[in-house]
Amino acid sequence: MLARRRLDTVDSTDKSQRGVTMRVLAGISQKRLFKTILANSRDRLYRMAFSWTHDPALADDLVQQTCYQALRKQRHLRDIDAADAWLFRILANCLADHHRARREVLSGEEFVIVEKWTPEHATQEDQVAQRVRKAVSALPLAHRQVVTLVDLEGFSYAAVADILDIPVGTVMSRLSRGRRALRDHLLDVNARGEVNLPAKVRRIK
Amino acid sequence: MTKDELISDEQLNAFTDGELEADEENRVFTLSEENAEVDVRLCQHRKVKELVQHAYRDVPKPRRHDNKGGPGKNLLSLAAAAVLLLAVGLVGGWTVSRSLDGGSVPLVAAATNPDTLLLHVASSDPMRMQQALDRAEALMAGPDGATSPRVEIVANEGGLNLLRSDMTPYARQIRRLAEQDVLFFACSKAIERLEEQGVSVQLVPEANTNYSALDRVVHRMQQGWTYEKI
């Protein structure tokens with residue numbers, strides 16, 4: 001059974017929300033608070049957009065579009081403590097709009113965008129990071145979004161379900177399939193997907 | 001979960017992500033201590049999570065040629081625009097100054113009948129392009145000539161074909177509108193991106209390329225212009 005998010009769990013989302021609450025208590029106006037949250041969220045939104053697209057220019061456009069829409073729609077945000085998830089939901093919608101505008105019809109989790117991987121992606125110094133990004137980029141977008149929202153932002157499964165407008169069970173199954181694919185790409189598993197146990201702990205009947 | 005597995009991937013993920021209740025966590029701890037395969041699978045889940053976190057700790061920043069104001073410039077502009085939008089929403093109109101026959105004349109405009117309009121073309125669908133141009137033309141024609149509306153048409157990457165001389169079917173209408181002082185802006189960022197991809201971008205002579213689409217939109221919104229996305 002899934003646990004409700006515990007108050008003592010420290011991750012970026014909780015830190016942000018706790019900070020928000022503190023500032024509300026300190027009497028800072030809602031509008032000013034929202035602008036602060038938005039400014040502080042920009043880098044995180046960009047990182048998420050980049051992990052979804054692996055295209056710096058497109059990611060930047062998506063973040064700008066997200067900021068623009070957030071500012072226009074801020075009166076719809078009733079609970080300032082929910083601003084974090086709300087911003088990421090707008091980002092997800094902006095990406096969906098982007099694909100829709102290019103007539104790339106999303107058909108649930110079967111939809112796959114295999115990002116074009118060019119040599120310039122491999123010019124970075126961190127080969128491990130490049131290998132992981134390549135594996136992430138090969139995931140179906142639906143799986144990629146769930147994996148990155150959980151792993152990079154520490155969103156709870158319930159929050160991811162809200163951001164992507166899908167059931168929690170779907171979040172769990174997409175996460176499971178996404179991580180399994182990454183494991184197969186990145187870790188030492190054999191061709192049948194079985195775990196290669198270290199010899200010293202392998203049990204022999 | 002196969003019948004040979006003691007615990008499913010979903011449960012291991014939930015454990016890894018701190019989503020399990022305490023009793024379920026205890027069960028996973030016990031299983032991982034007693035069963036080497038569960039322990040290895042658990043380690044793999046954690047390692048995959050840490051690899052993903054590592055891979056995106058430092059991501060490449062976008063190259064912005066128009067970032068003259070330093071980091072946060074656009075966001076500050078957007079924030080200012082939002083404040084303005086809020087004011088518009090509250091008051092239902094706004095006051096602007098503009099030059100008319102050499103003088104500065106205060107205007108009070110209703111949001112539904114703007115004298116200053118920025119049309120954002122984000123699609124290369126010919127019907128949308130036509131719609132934007134017709135909208136500008138109708139406003140410039142005006143019902144009685146009592147006011148002199150100001151209109152700008154901004155094309156971002158999606159709508160850039162409107163202003164590409166080798167693509168647009170509306171060069172004549174653009175010229176006609178430009179003669180009525182309608183200004184056209186082609187997104188400088190979109191052009192730069194296309195040229196990086198080896199595309200030679202030829203624009204109609206009426207197109208300005210001094211701003212990115214977003215910066216122009218924000219600039220005009222700060223001044224109280226009405227924004228319409230086509």
Side-chain angles (χ1 to χ4, degrees), chain A residues 1-3 5-6 9 11 31 35 38-39 42 46-48 50-51 56-57 59-61 64-65 67-68 70-72 74-75 101-102 124 126 128-133 135-136 147-148 150-152 154 156-157 172-173 175-177 179-180 182-183 186-187 189 195-198 201-203, chain B residues 8-10 12-14 16-25 35-37 39-41 44-45 47-64 71-72 74-76 78-79 81-83 85-86 89 122-123 156-158 189-190 192-193 196 212 214 217-218 227:
Chain A
M1 182 182 295
L2 296 185
R5 181 156 285 269
R6 294 166 304 190
T9 302
D11 61 25
K31 272 192 295 180
K35 281 194 282 182
L38 191 55
R42 193 181 170 88
Y46 173 76
R47 181 175 66 159
M48 188 58 62
F50 177 80
S51 75
D60 189 41
D61 281 353
Q64 295 212 35
Q65 188 68 21
C67 292
Y68 175 68
L71 288 164
R72 287 190 74 184
Q74 63 174 299
R75 66 184 181 279
R102 281 155 181 73
Q124 309 287 328
D126 191 336
V128 175
Q130 292 307 315
R131 200 161 56 91
V132 177
R133 286 181 198 169
V136 171
V147 168
T148 50
V150 171
D151 286 352
L152 301 185
S156 68
Y157 293 177
M172 293 178 72
S173 64
L175 183 65
S176 179
R177 289 159 72 180
R179 281 200 181 140
R180 195 180 307 143
L182 291 176
R183 183 201 66 184
L186 300 170
L187 304 185
V189 290
V195 175
N196 285 331
L197 294 173
V201 295
R202 188 168 296 171
R203 298 200 311 184
Chain B
S8 69
D9 275 346
E10 282 82 358
L12 284 179
N13 279 325
T16 306
D17 299 323
E19 293 271 347
L20 289 182
E21 297 282 8
D23 57 339
E24 285 290 309
E25 275 189 347
N35 186 295
E37 189 164 333
D39 198 39
V40 169
R41 285 172 62 205
Q44 288 186 325
H45 277 72
K47 188 171 180 184
V48 166
K49 184 180 177 86
E50 285 170 9
L51 279 170
V52 171
Q53 290 170 340
H54 170 76
Y56 296 97
R57 194 157 290 141
D58 297 307
V59 293
K61 296 294 175 198
R63 217 156 40 105
R64 300 181 64 84
N74 287 325
L75 193 59
L76 288 173
L78 281 164
V83 171
L85 268 180
L86 189 67
S123 166
N156 71 350
E157 186 168 4
K189 271 183 65 182
E192 186 183 73
R193 200 174 306 146
E196 281 175 357
S212 71
L214 188 79
V217 168
V218 167
Y227 167 84

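A note on names: the letters A, B, ... follow the listed sequences, proteins ahead of strands, and every chain is numbered from 1. As the structure is a prediction and not an experimental result, all values here were calculated from the model.
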Review point. Most heavy-atom pairs under 4.5 angstrom with chain A, which of B/Asp23, B/Asn13, B/Val59?
Key: B/Asn13
Review point. Between atom CG of A/Leu182 and atom CD of B/Gln44, what is the distance when rounded to the nearest 0.5 Å?
Key: 12.0 Å
Practice item. Might you point out which heavy atoms bring B/Asp17 and A/Arg179 nearest each other, and give the distance in Å? Key: OD1-NH2, 2.8 Å
Review point. If you take all heavy atoms of A/Arg133 and B/Pro60, which pair is closest and at what distance?
Key: NH1-CD, 3.6 Å
Review point. In Å and rounded to the nearest 0.5 Å, what is the CG to CD distance from A/Asp61 to B/Glu157?
Key: 7.0 Å
Practice item. Identify which part of B/Asp39 has an atom lying under 4.5 Å from any heavy atom of chain A, answering side chain, backbone, both or neither. Key: neither
Study note, to complete from the structure: Value for CG (A/Asp151) from NZ (B/Lys49), rounded to nearest 0.5 Å, stands at 4.5 Å
Point to revise | Pair A/Val132-B/His54, side-chain contact (heavy atoms from CB on, under 4.5 Å): steps then yes or no | key: CA-CA 9 Å; A/Val132 177; B/His54 170 76; 5.8 Å; no
Study note, to complete from the structure: Smallest heavy-atom separation, B/Val52 atom then A/Leu152 atom, equals O-CD2, 3.6 Å
Check your understanding: So, for A/Ser156 and B/Glu19, which heavy atoms are closest and what is the spacing to 0.1 Å?
Key -> CA-OE2, 3.1 Å
Exercise for review: Nearest 0.5 Å please: distance from the CZ atom of A/Arg177 over to the CG atom of B/Asp9.
Suggested key: 12.0 Å
